[in-house]
Structures are given as C-alpha cells and as structure tokens.
Amino acid sequence: MDHSRAPVLEALEAYHRTGQTPFSPPGHKQGRGADPRVVEVLGEGVFRSDVLASAGLDDRSSSGGVLEKAQELMADAVGAEHTFFSTCGSSLSVKAAMLAVAGPHEKLILGRDAHKSMVAGLILSGVEPIWVDPQWDAGLHLAHPPSVEAFAEALAVAPDAKGVLVTTPTPYGTCGDLEGLARLCHEHGKPLVVDEAWGAHFPFHPDLPTWAMDAGADLCVTSVHKMGSGLEQSSVFHLQGDLVDPAVLKARADLLATTSASVLVYAALDGWRRQMVQHGRALYGRTLALAERVRAAVEEIDGLHVYGRDEFVGSGLAADMDPLQVIIDVSGYLPPGYAMHDWMREHHQVNLHLSDQLRISAQLTHADDEESTGKLLNGLRDLVKHVDELPRAAVRLPSPSRMRMEQVMSPRDAFFARTEQVPVEQAAGRISAEMLTPYPPGVPAVVPGERLTYEVLKYLRSGVDAGMVVPDAVDTTVRSVRVVAL
C-alpha cells in the first residue's frame with residue numbers, strides 16, 4: 001500500500017481547495033462565528049479544519065471511502081487485519097472491546113490492575129468480572145501485569161468465561177508476557193483482548209517491547225494520543241484472527257461512539273501513521289538513545305534512582321519494560337512524590353507524567369530532544385536542593401495482600417443499588433457503591449461491589465492528605481464514602 005498517502009488529510013485539503021460552504025454543523029462555520037478571543041487562543045486552523053466527516057470531509061454517502069482507506073493503511077502499517085479509528089479515547093474503545101467479547105451476565109477474565117474505564121464497562125454492560133491479581137512487588141509496592149499462570153488458574157476456575165483482558169504496558173511501562181498469554185487463550189479457544197493504551201509506538205522500532213498483534217493477541221486497543229502524535233482522545237482498535245467478529249466489534253463501538261466524530265482527530269491519526277511508516281524507526285532510535293542518556297543523568301542526581309530492567313523485569317515481575325517511561329524512585333526523601341510533582345510544575349513549569357507516594361516519572365516520546373530533557377534534568381537537580389521545603393505527609397501503605405478486597409456484589413448491581421454516604425470511619429466492612437481511583441494512573445483502588453477494609457480506606461484518606469487525587473469519588477476528600485445501603 002502507498003503509505004505516502006494520507007486520505008483524511010488529503011480530503012481535508014480538497015475541502016479547503018474547492019471552497020465548500022457549509023450549511024451544516026459545526027455551527028461556528030469554519031471559525032467565522034467563533035469568538036475572536038477564543039480563536040486567539042486556539043488558532044484559526046483548528047476551526048477551519050473542524051468539519052463534518054460525512055457531508056463535509058466526504059459526501060453524504062461516504063462514497064469516497066476516506067475513513068475506510070485511512071483505516072486500511074493503518075492496519076497495513078502495523079500488521080493487523082482490521083483497524084478502526086475512535087475519537088472518544090481508549091476509555092470508550094476498551095468498553096467496546098469488552099462488549100465485542102462478552103455480554104450481560106457473561107464472564108470475562110481480567111487483571112485487577114485494570115484502568116477505571118474497564119470497570120465502567122463492567123457497570124454499563126453487566127459483564128461479570130473474574131479478577132486476576134497482578135504480580136505485586138512488595139518491596140517497591142508496585143503492580144506488574146498478571147502472570148500467564150495466574151490467568152491459567154482463572155480459566156480453570158471459570159472455563160465458561162468468554163475471553164481474557166489484560167492491561168500491558170502499565171502506566172509505569174512494565175509489560176506482561178503476551179506471547180505466552182495468547183498461546184494460553186488460544187489453547188482454550190478464548191480471545192485475548194489487550195489494553196495497550198500506552199504502547200501505540202511499539203510496532204515502529206525493534207528495540208521496543210513486542211506489541212500485541214505481533215504477540216498473537218486477537219484485539220488490541222491503543223491510545224495514539226499517549227505516546228504518538230495523535231490529538232487527545234485519539235484511539236485505535238486493531239483486530240486479527242477469527243475469535244472476534246469485526247462486524248460485532250464495529251456494531252458495539254457504534255453503540256457507544258459519538259455520531260459527530262472529530263475530523264481533527266481522524267486527520268492527526270492518519271498523519272501519525274504516515275509519519276511512523278516513513279520515519280518511525282529513525283525517530284524512535286534517536287529517542288531510545290536520548291532516554292538512555294536521561295536515565296544515566298537522573299541516576300547521578302543525589303537521592304534519585306531510576307528503575308531499570310534488573311528491578312522491573314524477571315521471574316515474578318514483568319516480562320519486559322518500555323525504557324521511554326522514566327520511573328524515578330524518590331522514597332529516599334520524606335515528601336511524597338505528589339508534592340514533588342507539584343513543585344516541578346510551579347517552579348520549573350515541568351509537567352511530570354505520574355506520581356505516587358514513592359515515585360515520580362517522566363514520559364519520553366519521539367517529540368523530545370536535548371532541550372526538553374535538559375529542562376527536566378535542571379528541574380530535578382533543583383528539586384533535590386529544595387526538597388526539605390516541601391510538605392511532608394505519611395501515606396499509610398498496606399501490604400499488597402491487604403490491598404485486595406472481596407468482590408461480594410457485581411460492579412453493576414452495587415453501582416445502581418440504593419446507596420448512602422457514610423463517614424470514612426464507619427465504612428470498613430461496607431460494600432462500596434463507587435469507584436475510588438487515585439489518578440493518575442487511573443487504576444481503581446476500590447471497585448463497586450468490593451467490601452471495604454480499614455487498610456484501604458486509611459491508604460486513600462492518608463493519600464489525599466499527602467496530595468493524591470481521587471476525582472471519581474462522590475466526596476473527593478474521601479472523608480466519606482458511598483456504600484450500598486443496609
């Protein structure tokens with residue numbers, strides 16, 4: 001296929017060149033009706049290229065097949081059989097993937113380190129989760145993707161499950177054994193669905209971890225906006241094999257997706273695919289070398305330590321790791337990572353990727369260079385000089401085994417049950433009716449239907465005092481919790 005072409009971008013250029021006059025949405029009419037103060041911030045080009053996909057970019061019947069051609073090129077670029085674009089982020093895409101595999105009251109095996117979007121999918125669909133515990137590193141207090149053996153045990157317990165869903169890589173860049181897991185699933189005739197939101201770049205350089213389609217997965221969801229050149233909310237489904245019907249996936253995605261898809265998102269996805277096919281290997285070769293230099297430089301800063309393969313990869317740990325996620329151990333200092341994250345933004349205008357009580361991290365992509373990483377390193381060097389000025393707060397970290405709670409109701413039943421709001425001191429032993437999710441990374445500490453424990457509640461309450469954000473809680477201070485009414 002001709003990867004010098006970019007069908008969406010070409011159609012958008014033709015729309016401008018032919019002087020189309022819209023009497024259709026969007027109502028700003030290519031920016032003519034937009035408030036000049038808004039245009040000054042967003043730019044004229046955003047509004048000029050914000051057109052309808054159908055009866056705009058393409059004709060009313062989509063006879064030009066613009067989107068279909070762009071999706072075919074993307075599939076060819078990464079070696080998938082089918083590709084579908086999504087403009088609602090992987091939060092929607094993973095829900096559609098779940099619905100394509102399992103329906104109401106059917107079982108789906110998935111890692112308990114799932115993103116909150118998967119839990120939302122369980123609530124919306126009524127699918128029954130069979131949870132598989134991640135591989136806990138008790139020393140680092142960090143979860144790696146579940147092992148193949150753990151999934152095998154779940155399949156033995158729930159042979160009627162419709163499929164397996166795993167998150168890899170994690171936001172910390174650690175990866176599961178997808179090849180082994182794909183073999184296991186296919187031995188049981190089950191589809192493997194991978195939430196690979198953080199791995200959109202994997203297909204484009206051999207020194208990055210093996211990506212889901214090459215590992216044998218059936219369905220993979222990627223967030224191109226996370227590590228690629230896509231705009232926010234750009235996501236892609238990739239599909240291969242015959243265990244997931246592409247027509248069913250398309251129908252499930254259509255059930256959830258917007259009918260007013262953003263051409264801006266489509267165009268950026270299309271252009272990113274062309275960029276990666278033509279220049280991806282060179283771009284990521286340069287970025288991997290840059291990441292190695294950054295890691296070495298951070299390691300030289302007093303009190304900071306960068307996690308490497310010897311700590312993340314091995315027996316009982318991850319199968320691989322993405323070196324572009326620079327995860328920095330700050331546990332040698334008393335201020336939690338949250339406070340350091342905020343200090344870097346305030347004093348150096350450096351926005352880190354994620355933070356927790358023990359770590360901060362920097363996400364590198366092909367967009368980074370010596371200038372951007374120089375700002376990061378200068379900020380980190382200054383941070384350690386001022387670390388004693390940062391607020392100190394102790395986060396009560398339970399042991400990994402105490403982080404897991406009993407699922408006593410389905411997430412859907414608990415979420416829609418009659419509820420009450422109770423003080424956190426009275427919530428232990430009650431059944432949660434809400435998600436409680438430290439964000440980032442967006443993995444729920446509590447899922448609706450789980451029986452709350454004193455240890456987890458103390459962790460969340462002390463975490464909020466230390467700077468943790470729990471945005472999906474009814475009470476974001478976690479001084480009270482929504483529970484199933486007695």
So CG of Asp137 and OH of Tyr307: to nearest 0.5 Å the spacing works out to 8.5 Å
Pairwise distance CZ(Phe151) to CG(Leu192) - rounded to 0.5 angstrom: 8.0 Å
Between Arg396 and Glu455, is there a side-chain N and carboxylate O pair less than 4.0 Å apart? no
Where do Gly163 and Lys190 come nearest, in terms of heavy atoms and distance? CA-CB, 4.2 Å
Check Gln363 against Asp368 and note the closest heavy-atom contact, atom names and distance. O-OD2, 3.8 Å
If you count heavy atoms of other groups shown closer than 6.0 angstrom to CZ of Phe312, is the number above 12? yes
Check: Asp369 main-chain N/O paired with Ser372 side-chain donor or acceptor under 3.5 Å: yes
Looking at Ala445 and Glu450, what are the two nearest heavy atoms and their distance? O-OE1, 4.1 Å
Between Glu311 and Leu317, does the side chain to side chain contact (heavy atoms under 4.5 Å, CB included) criterion hold? Intermediate values first, please. CA-CA 8 Å; Glu311 292 154 299; Leu317 302 174; over 6 Å; no
Do any N or O atoms from the side chain of Gln357 and from the backbone of Gly463 form a donor-acceptor pair under 3.5 angstrom? no
When rounded to the nearest 0.5 angstrom, what is the spacing between OG1 in Thr287 and OH in Tyr284? 6.5 Å
Taking every heavy atom of Leu354 against every heavy atom of Pro441, the minimum-distance pair comes out as CD2-CB, 4.3 Å
Parallel, tilted or perpendicular, judged at 30° and 60°: which one describes the rings of His348 and Trp343? tilted
Checking Gln407 side chain against Met409 main chain: does a donor-acceptor pair fall under 3.5 Å? yes
Short side-chain donor-acceptor distance under 3.5 Å, Ser223 and Ser90: yes
Would you check if Pro440 and Pro171 make a side-chain contact, meaning some heavy-atom pair closer than 4.5 Å? no
Considering only heavy atoms from C-beta outward, does the side chain of Ser235 approach that of Val221 to under 4.5 Å? yes
Would you say His366 and Ser229 are linked by a side-chain donor-acceptor pair, where the criterion is simply a distance under 3.5 Å? yes
Residues, nucleotides or ligands: over 12 heavy atoms within 6.0 Å of Glu420 CD: yes
What I'd like to find out is whether the side chain of Arg112 reaches to under 4.5 Å of the side chain of Pro146, using heavy atoms alone. no
Please check this pair: side chain of Ser361 against backbone of Val326, looking for a donor-acceptor N/O pair closer than 3.5 Å. no
Determine, step by step, whether Val164 and Val132 satisfy the side chain to side chain contact (heavy atoms under 4.5 Å, CB included) criterion, reporting the C-alpha distance in whole Å, the side-chain angles of both residues, the deciding distance to 0.1 Å, and the verdict. CA-CA 10 Å; Val164 168; Val132 178; over 6 Å; no
Which class fits the ring pair His82 and Phe84: parallel under 30°, tilted 30 to 60°, perpendicular over 60°? parallel
With no hydrogens and no angle check, is any side-chain donor or acceptor of Glu434 less than 3.5 Å from a backbone partner on Val474? yes
I'd like to know if the side chain of Arg295 and the backbone of Pro323 have a donor-acceptor N/O pair within less than 3.5 Å. yes
Pair Gln421-Ser480, side-chain donor/acceptor within less than 3.5 Å: yes
For residues Thr210 and Asp214, is any side-chain donor paired with an opposing acceptor at under 3.5 Å? no
Do Lys250 and Asp254 sit within salt-bridge range, that is, some charged N less than 4.0 Å from a carboxylate O? no
Side-chain donor-acceptor contact under 3.5 Å, Asp472 with Thr437: yes
Would you confirm whether Glu106, through its side chain, and Gly103, through its main-chain N or O, come within 3.5 Å as a donor-acceptor pair? yes
Is there a side-chain contact between Asp177 and Glu179 in this structure, where contact means two heavy atoms from C-beta onward sitting under 4.5 Å apart? yes
Count the heavy atoms belonging to other residues, nucleotides or ligands that lie under 6.0 Å from CZ of Arg293, then report whether that count exceeds 12. yes
Presence of salt bridge, Asp320 and Arg309, under 4.0 angstrom: yes
Output for pair (Thr168 OG1, Leu181 CG), nearest 0.5 Å, gives 9.5 Å
Ring geometry between Phe204 and Trp272 (parallel below 30°, tilted from 30 to 60°, perpendicular above 60°): perpendicular
Go through Met118 and Thr167 one step at a time and tell me if the side chain to side chain contact (heavy atoms under 4.5 Å, CB included) criterion holds. CA-CA 10 Å; Met118 296 186 203; Thr167 302; 3.0 Å; yes
Strictly by side-chain hydrogen bond (donor to acceptor under 3.5 Å, both in side chains), give each pair with a member in residues 191-201 just once, sequence neighbours left out. His201-Asp322
Is it the case that over 12 heavy atoms from other parts of the model lie below 6.0 angstrom from the CG atom of Asp242? no
Quick one: does Asp413's side chain get under 4.5 Å of Val484's, heavy atoms only? no
NE2 (His115) and OG1 (Thr170) are apart, to the nearest 0.5 Å, by 12.0 Å
Should we count CD of Glu389 as having more than 12 external heavy atoms under 6.0 Å? yes
Going by heavy atoms in the side chains, are Asn351 and Arg345 under 4.5 Å from each other? yes
Please check: side-chain N/O of Arg359 versus main-chain N/O of Leu140, any donor-acceptor pairing under 3.5 Å? yes
Whether the side chain of Lys385 engages the backbone of Arg381 through a donor-acceptor N/O pair (distance < 3.5 Å, no angle test) should be reported. no
Roughly how far apart are Ser262 OG and Glu232 CD, rounded to 0.5 Å? 12.0 Å
Side chains of His144 and Asp113: do they bring a donor and an acceptor to under 3.5 Å? no
Within the structure provided, determine whether Val78 and Phe202 are in side-chain contact (heavy-atom separation under 4.5 Å). no
Nearest atoms (heavy-atom pairs only) where Gly467 meets Tyr338: C-CG, 3.7 Å
Using distance alone, with no hydrogens and no angle criterion, decide if Asp382 and His347 have a side-chain donor and acceptor under 3.5 Å apart. no
Starting from the C-alpha separation in whole Å, work towards a yes-or-no answer on side chain to side chain contact (heavy atoms under 4.5 Å, CB included) for Leu288 and Leu208. CA-CA 9 Å; Leu288 286 163; Leu208 290 167; 3.9 Å; yes
Enclosure of His188 NE2 (heavy-atom neighbours >12, cutoff 6.0 Å): yes
In terms of heavy-atom contacts, does CZ of Arg286 have more than 12 from other residues, nucleotides or ligands at under 6.0 Å? yes
Is the number of heavy atoms from other residues, nucleotides or ligands within 6.0 Å of CZ (Arg392) greater than 12? yes
Determine the minimum heavy-atom distance between Val464 and Thr477, stating which atoms define it. CG1-O, 3.8 Å
Going by heavy atoms in the side chains, are Arg482 and Asp475 under 4.5 Å from each other? no
